[in-house]
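On a predicted model such as this, the values are computed, not experimentally measured, just so you know. The sequence lines fix the lettering, A, B, ..., with proteins before strands; numbering per chain opens at 1.
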Number of protein chains: 2
Amino acid sequence: MTPNPRQLDLLDQVRARGSVSLETLAASFEVTLQTLRRDVKLLSEAGLLARFHGGVRVPGSTTENIAYRQRQLLNEAAKQRIARAIALAVPEGCSLIINIGTTTEAIARELLRHKGLRVITNNLNVAAILSDNADCEVIVAGGVVRSRDRGIVGEATVDFIRQFKVDIGLIGISGIEDDGSLRDFDYREVRVAQTIIERSREVWLAADHSKFNRPAMVEVARLSQVGTLFTDAPPPSPFPALLGEAGVACKVAA
Amino acid sequence: MTPNPRQLDLLDQVRARGSVSLETLAASFEVTLQTLRRDVKLLSEAGLLARFHGGVRVPGSTTENIAYRQRQLLNEAAKQRIARAIALAVPEGCSLIINIGTTTEAIARELLRHKGLRVITNNLNVAAILSDNADCEVIVAGGVVRSRDRGIVGEATVDFIRQFKVDIGLIGISGIEDDGSLRDFDYREVRVAQTIIERSREVWLAADHSKFNRPAMVEVARLSQVGTLFTDAPPPSPFPALLGEAGVACKVAA
DNA sequence: ATTAAAATGTTCGTATCTGTTCTTATTTGA
DNA sequence: TCAAATAAGAACAGATACGAACATTTTAAT
């Protein structure tokens, strides 16, 4: 994208004033609202502006944070059902690695009453939630904190996790494609997820129904590396066949 | 959903004042209560606010360690003054290590508007607070999470921190004794604090007046290892002399 | 000069936001 | 415990903002 002078001016104005109404901007550039909306659409899709009903604002982590919290609410009931099913299947006293994701945070909440767990995570929220469980040893991986979702990623994180070997690796992902690949958006998080898979005797995948056929850029792993898939609705075709071939057990939470 | 400026303002007001009634907020924004309730509903569902009958307050997990929260309120004004003084002294764009403690959390809050910081911490709360600053690289040390205060301690933490060397090490402690020793209660945290001192070009100590002559078990360091002491009231005798001997600058926050 | 492509303006159906009114919960004091 | 007072929430209506489709103008290249 190459912004034109007006769009650059627009960014300046917004940055100078924090937030501006579209009306004001349209008047200041002497264009119609519709034209201005097109500019705003481009700039906000590029992440240079955050928009709200009636105007725009400089993007900030508060807004990103809210976006994440909203995502957390998406399919909340489904996530909680999956989380509960997983918590039921996790035996007391075992060791786990839990990665980034809104579903895995729900799992952490369901694990608050388990006894004698040892949990390793690269998710600050999971660590904070589980630190309330006095009978759970929480180990947080070191590394750079991503402000969007408070995930910890990077080379240092991978090295840290490599020190361990646990009973169960719990991973959440962005999408499962019909070629049997598990995918995510951020390659740094993918590196972490791969390490988790490598260091777990058993891999459990948490994915609600919206994840099937959802495209995402980077390949995390193949379905065949997964032991059990926890989901909230029977997977659509051709996934049942794929799961069968790959030897993945599938548990659908009622 | 994308939050509008009023909703962000609302968050600021609540964060600044701890808790506010809906009436007050509605009056301050000149909207009806109903509109305000809609904002509050969204923000609290996103976990950014906690509401009670008649108003809202900053969120905090109810299962959270209450003793620790109470300690956090202890000498709160003093801590905030110290925190502000330290934040003023921290130059933009520098690298820091921040350790465990309620004072250091206050410092983190005061650093939210700094630009270009690189912060390493073994405190989950500090990491969570600073991850809201989009212009700050937060690195969290790996290790075992202590549920009492969400501090990260242990051998792995020490090893992790040893990788770095930063401009300023910010440490808070439990007590300063009149033999010139800095002391704390948990030897594991002491090991971390010692490593921080070792890996910092300059050491700043944050300690409110209650810390002078307060006994604690484990020796962290000697006063002579400290560059600057930030406190809220002139230290009692014999500390002025001790500080002078040890070559420690002392800044009293008004 | 001609033409294609891009940018802008116009119109209109849809979605979102806000205030009003009324009913249902919750708190508080007797 | 009950009743009055206050807060919360649901439902509706009016105002405003949004986005899509199409028409028009401007720009750029041949």
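Side-chain N/O atoms of A:N122 and A:T157 include no donor and acceptor closer than 3.5 Å.
Residue contacts shown for B:F29 are absent, as no nucleic acid heavy atom lies under 4.0 Å away.
Applying the salt bridge (charged side-chain N to carboxylate O under 4.0 Å, His left out) test to B:R6 and every residue at least two apart in sequence or in another chain returns B:D39. Here A:R188 pairs with A:D186 under the salt bridge (charged side-chain N to carboxylate O under 4.0 Å, His left out) rule; sequence neighbours left out. Remark: B:R37 engages no residue in a salt bridge (charged side-chain N to carboxylate O under 4.0 Å, His left out) (not counting sequence neighbours). Scanning for ring pair (Phe, Tyr, Trp, His ring centres under 6.0 Å) contacts around A:F52 gives an empty result, with sequence neighbours left out. Judged as a side chain to side chain donor-acceptor pair (under 3.5 Å), and not counting sequence neighbours, the contacts of B:D232 are B:H209. Remark: B:D9 engages B:F29 in a side-chain contact (heavy atoms from CB on, under 4.5 Å) (not counting sequence neighbours). Contacts of A:K251 classified as salt bridge (charged side-chain N to carboxylate O under 4.0 Å, His left out), with partners at least two apart in sequence or in another chain: none.
First and last contacting nucleotides of DNA chain C toward chain A (any atom under 4.0 angstrom from a heavy atom, 5' to 3' order): C:dT8 to C:dC17.
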Check against side-chain hydrogen bond (donor to acceptor under 3.5 Å, both in side chains), B:R51 and B:S44: CA-CA 7 Å; B:R51 50 190 312 191; B:S44 66; 4.8 Å; no
Under the salt bridge (charged side-chain N to carboxylate O under 4.0 Å, His left out) rule, what do B:E110 and B:R113 come out as? Steps first, then yes or no, please. CA-CA 7 Å; B:E110 294 294 327; B:R113 300 187 168 279; over 6 Å; no
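Taking five base pairs at each end of the helix from C:dA1-D:dT30 to C:dA30-D:dT1 and finding the rotation axis that steps the C1' atoms of four pairs onto the next four gives two axes whose angle is 40°, to the nearest 10°.
Residue pairs meeting the salt bridge (Lys or Arg N to Asp or Glu O under 4.0 Å) criterion with at least one member in residues 17-34 of chain A: none, sequence neighbours excluded.
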Please tabulate the protein-to-nucleotide N/O contacts below 3.5 Å involving nucleotides 19-26 of chain D, giving atom names and distances.
{"residue": "D:dG19", "atom": "OP2", "partner": "A:R51", "partner atom": "NH1", "Å": "3.4"}
{"residue": "D:dG19", "atom": "OP2", "partner": "A:R51", "partner atom": "NH2", "Å": "3.2"}
{"residue": "D:dG19", "atom": "N7", "partner": "A:Q34", "partner atom": "OE1", "Å": "3.2"}
{"residue": "D:dA20", "atom": "N6", "partner": "A:Q34", "partner atom": "OE1", "Å": "3.4"}

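A salt bridge is absent between B:K79 and B:E105; no separation between the charged side-chain nitrogens and carboxylate oxygens falls under 4.0 Å.
Within residues 16-26 of chain A, no residue approaches DNA chain C, by heavy-atom distance under 4.0 Å.
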